[in-house]
There are 2 protein chains.
Amino acid sequence: MAWDVEGTKRRIYEAALSEFAEHGPDGTTVDRIAKRAQINRERVYNYYGDKSKLFSAVIRSELDKIAAAVPLVITCAADVGEFAGRTFDYQRAHPDLARLVLWEGLSDTGSVSDEIVRTELYAGKAKAVAAAQQAALIDDTLDPAHLIFLVIALSSYWSAAPQIARMLSGSDVRDSAEAAHRRAAVVHAARQIAAPRRAGTRHPDGTTTTG
Amino acid sequence: MAWDVEGTKRRIYEAALSEFAEHGPDGTTVDRIAKRAQINRERVYNYYGDKSKLFSAVIRSELDKIAAAVPLVITCAADVGEFAGRTFDYQRAHPDLARLVLWEGLSDTGSVSDEIVRTELYAGKAKAVAAAQQAALIDDTLDPAHLIFLVIALSSYWSAAPQIARMLSGSDVRDSAEAAHRRAAVVHAARQIAAPRRAGTRHPDGTTTTG
DNA sequence: CCCGGATCCAACTGCAACGTTGGTGTTGGC
DNA sequence: GCCAACACCAACGTTGCAGTTGGATCCGGG
């Protein structure tokens, strides 16, 4: 088996994922990707076009994976916590993803590759939230999109800004006790945000009404 | 006024801040900095050594400014919301700083400049939270450091991952109505996280006790 | 007027990375 | 066994940027 096209592509992909996550689109060199994948630089161009296309391919595929791995089904507020916890777990298991998203955000110049497809994907999640809100399963104070976003933020920022997490908590994600502790905090916070109000409803502008 | 050394340095500094914030350390060229500052490239080397020294100088100085910008005083759960809102405002008002910090985080290789000083700063905030928890002003389920972190995450992720915010909410931060909407969501969520439990306490592991 | 320091400028070296190309070896169909 | 297509690779041309240098220019003070 001298030719292993799929294997070669996969190795390029994996090497690219690591390199991009570590150094970002600008800091990454095609040569290092090739070295890491143990193939010739030219193969990269042959299979993926150029560096930016490779970056797009990687980020898109990784986002597809997380979307598939962490579905969102809501029957109660605790489900939102569960979603947050699983997102947290996924981020921890795939620290490269959080960094990719950040690199993408920093390079953001008004729009992003596959923006339309990805928008649809988020719209689906927002729809699930909206449905749960209408069924009064969860708090309906927040805009569904904002609620989703905030929950993702809670789960993702740990790996997005590890230096802040480290300075605050004093320890490292690699400490699994600390990781469990963090996860619990994320789940708890997400539940609190989603929990339906009991007596009165506190609106985002600070006023409170009774329903 | 042919000689305005301080002025020249300052113009280099400001140009560097903008360029670094926009393109990151790798994506920035000394030439563009010089053009923007309307000085010769050679001046940059004369005053700041080289590009990486200039970057360090900029980030360090900007972080000094951040330090005292958003104090944290807690007398009730709403104060935590207030803190979140002000952090959000700060991020929005100083997008350059937010991006610099992110770039720093991405380049993070185990520790960060001024890490000790900044750790103290966060410790102070955590202490304020701990005191408020002991006085039963806010929920004491969460570790103080984690609570702070989560609130910062809520406030910061918008500018950290603007592409996701855009895909979810469909509009842009520059739309000030949307910005206000987002801010309200952040404040609300932070309050919910900090709000003291009424009847029972739901622990992060999912169990519930009555106090 | 002349000196010394600040600034500007253009050209240069050196290098690193992008993306390409021509050639070599490999495979599978005929 | 031959050949066309394909995988692989080394070397190349090009570009863009970092950082340097030598000199021209400008300015204030003596």
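Naming convention: chains lettered A, B, ... in sequence-line order (proteins, then strands); numbering from 1 in each chain.
Contact annotation: the side chain of A:R182 approaches that of A:V173 to within less than 4.5 Å [non-hydrogen atoms, C-beta and beyond]. Taking the side chain as every heavy atom from C-beta outward, A:V112 and A:I59 never approach each other to under 4.5 Å. Using a 4.5 Å heavy-atom cutoff, the side chains of B:I33 and B:L54 are in contact.
With salt bridges taken as basic N to acidic carboxylate O contacts below 4.0 Å, none links B:E6 and B:R10.
When rounded to the nearest whole Å, the span between CD of A:Q38 and C1' of D:dC8 equals 15 Å. Computed from coordinates, the B:K51 NZ to D:dT20 P distance equals 14 Å when rounded to whole Å. As rounded to whole Å, 13 Å separates atom C1' of D:dA18 from atom CG of B:L54.
Within residues 43-50 of chain A, the residues that have a heavy atom under 4.0 Å from DNA chain C are, in order of number, A:Y45, A:D50. Listed by residue number, the members of residues 10-27 of chain A with any heavy atom below 4.0 angstrom from DNA chain C form an empty set.
Side-chain atoms of A:E62 never come within 3.5 Å of backbone atoms of A:V101 as a donor-acceptor pair (strictly under, hydrogens ignored). Side chain of A:Q133 to main chain of A:L142: a donor-acceptor pair is present (N/O by atom type, distance under 3.5 Å, no hydrogens or angles).
When each of B:R99, B:R32, B:K35 is tested with B:E19 by the rule salt bridge (charged side-chain N to carboxylate O under 4.0 Å, His left out), just one qualifies, namely B:R32. Evaluated for a side-chain contact (heavy atoms from CB on, under 4.5 Å) with A:L97, the options A:L17, A:V58, A:I66 yield exactly one hit, A:I66.
Counting any heavy atom pair closer than 4.0 Å across all strands shown, A:S52 reaches no nucleic acid atom.
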Which letters describe nucleotides 11-16 of chain D, given B = protein heavy atom under 4.0 Å from base, S = only from sugar-phosphate, - = neither?
-> BB----
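Aromatic rings from B:W103 and B:H23 are positioned such that their centres are separated by 6.0 Å or more.
Inspection of the B:Q91 and B:Y157 side chains reveals no N or O donor paired with an N or O acceptor under 3.5 Å.
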